[in-house]
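Proteins come first, then strands; the chains are lettered A, B, ... in the order of their sequence lines, and each starts at number 1.
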Protein chains: 2
Amino acid sequence: MGRDEFIDACKQVGLNVTYQRIAIFNKLMEHTDHPSADDIYKEVRQDYPTISLATVYKTLETLAKHDLISKVTYLHDIARYDGTSEAHHHLVCIKCKKIIDIDSNALDAIGIPAGVPGNFRILNYRVQFDGICESCESASTEQE
Amino acid sequence: MGRDEFIDACKQVGLNVTYQRIAIFNKLMEHTDHPSADDIYKEVRQDYPTISLATVYKTLETLAKHDLISKVTYLHDIARYDGTSEAHHHLVCIKCKKIIDIDSNALDAIGIPAGVPGNFRILNYRVQFDGICESCESASTEQE
DNA sequence: TTATAATTAATAATGATTATTAAAAAAGAA
DNA sequence: TTCTTTTTTAATAATCATTATTAATTATAA
Ligand SMILES: [Mn+2]
Ligand SMILES: [Mn+2]
Ligand SMILES: [Zn+2]
Ligand SMILES: [Zn+2]
């Protein structure tokens, strides 16, 4: 998404288009390496020295909430442990953050696809399915 | 891995077999939902009221370091953002935590495999490849 | 313009995790 | 066993990423 598209998208979702939001979004788009809030903060501060780290956090969360950007992992708040160390696959409920194992031969057979640079040594992979679990689904259906 | 296997595995990697380690491991294995350190702490404390939360953390980290257990995501320390909100796939360097996009039609074509319960509504999925990036690889090769 | 709502900056608070340190337990030698 | 050394634990303090608060600023709209 380019700058003009971003401005339109903000209007679409009812967010005021501010200098800060444009600067943060632009800086994020300059990156291909998925920066942290602090990375963005340090860079935006070059052009805009009065910006606050809390504003960067708040802006990134706001943009993510409106699906203009995203977090690589939104499961980063608290560590979750697994009784096995073998790579396998998971179902994650985005509401209650329940994590369930998936046992699937098909997923284990994926292998390394084209599009992966040869100079990156892959050790393993995991597939994460995001969705809504049964109990969260029925909980949200109740009040309608 | 069962209790006896765990005891053997501890000896294998040179960890003393303590009551706390067994209790924490057993409790983790009772779960299918990938508990947090605090979840484990609250439960182990029923049987062993003097245990400390810091011990639970330390034990879980120690067991994970020796590959007896694992973290569902070890990329949980700081949030990383992405300029797009569309689900896609990533290469993650486990050394420097660099995150790189993969563009792969094959991965996008996986679909929902057998083994996923029908009452879980899947919204999207992402594949994460863990490995060592080129610069980390050559950095580790230098000193040999 | 003036009123109202949204956003920002600065800072304090929160909370998960880690570090520290002294006591307790385990291992090893004799 | 007993003495010595190493590992582990418990308690607590410290750290640090993130969030909440709040007053000032800016945008929107009448
Ligand atoms: Mn699992
Ligand atoms: Mn990405
Ligand atoms: Zn759920
Ligand atoms: Zn790397």
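Under the 4.0 Å criterion applied to side-chain N and carboxylate O atoms, A:K58 and A:E61 are not assigned as salt-bridge partners. Salt-bridge check for B:D130 with A:R126: passed, with a basic side-chain N closer than 4.0 Å to an acidic carboxylate O.
One can place OH of B:Y41 at 14 Å from C1' of C:dT17, the figure rounded to the nearest angstrom. Counting to the nearest Å, the P atom of D:dA17 and the NZ atom of A:K71 are 14 Å from each other. Atom P of nucleotide C:dA16 and atom CD1 of B:I40 are separated by 15 Å, given to the nearest angstrom. When rounded to the nearest whole Å, the span between CG of B:D38 and P of C:dG15 equals 12 Å. Rounded to whole Å, the distance from CZ on B:R80 to C1' on D:dA17 is 14 Å. As a whole-Å value, the separation of B:E61 CD from C:dA16 P is 15 Å. Atom C1' of nucleotide D:dT12 and atom CG of B:L53 are separated by 12 Å, given to the nearest angstrom. Straight-line distance from the NZ atom of A:K65 to the P atom of C:dT7: 10 Å, rounded to whole Å.
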Criterion side-chain contact (heavy atoms from CB on, under 4.5 Å) on B:T32 and A:D101, from CA distance to verdict: CA-CA 8 Å; B:T32 59; A:D101 286 341; over 6 Å; no
As a quick check of understanding, evaluate side-chain contact (heavy atoms from CB on, under 4.5 Å) for A:D47 and A:V44, giving each step before the final call. CA-CA 6 Å; A:D47 308 334; A:V44 170; 5.8 Å; no
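Heavy-atom neighbours of A:D103 CG from other residues, nucleotides or ligands within 6.0 Å: at or below the threshold of 12.
Residues passing the ring pair (Phe, Tyr, Trp, His ring centres under 6.0 Å) test with A:H90, sequence neighbours excluded: A:H88, B:H34. With sequence neighbours left out, the ring pair (Phe, Tyr, Trp, His ring centres under 6.0 Å) criterion links A:F129 to B:Y125.
Near DNA chain D, defined here as any heavy-atom distance below 4.0 Å, there are no residues from residues 1-13 of chain B. Sorted by residue number, the list of members of residues 27-37 of chain B with any non-hydrogen atom under 4.0 Å from DNA chain D is empty.
A side-chain hydrogen bond (donor to acceptor under 3.5 Å, both in side chains) check over residues 6-21 of chain B, counting only residues at least two apart or in different chains, returns the pairs B:Q20-B:Y48.
Hydrophobic clustering, with ILVMFWY side chains joined whenever heavy atoms are under 4.5 angstrom apart, keeps B:L63 apart from B:V72. By the rule that hydrophobic residues join a cluster once side-chain heavy atoms approach within less than 4.5 Å of another member, A:I100 and B:I40 end up as members of separate clusters. Both A:I122 and A:L107 belong to a common hydrophobic cluster when Ile, Leu, Val, Met, Phe, Trp and Tyr are linked at side-chain heavy-atom distances under 4.5 angstrom.
Closest contact between the side chain of A:Y57 and the listed nucleotides C:dT18, C:dT17, D:dA17 involves D:dA17.
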Do nucleotides 4-11 of chain D as a string where each nucleotide becomes B, S or -: B if the base has a protein heavy atom under 4.0 Å, S if just the sugar-phosphate does, - if no protein is that close. ---SSSBB
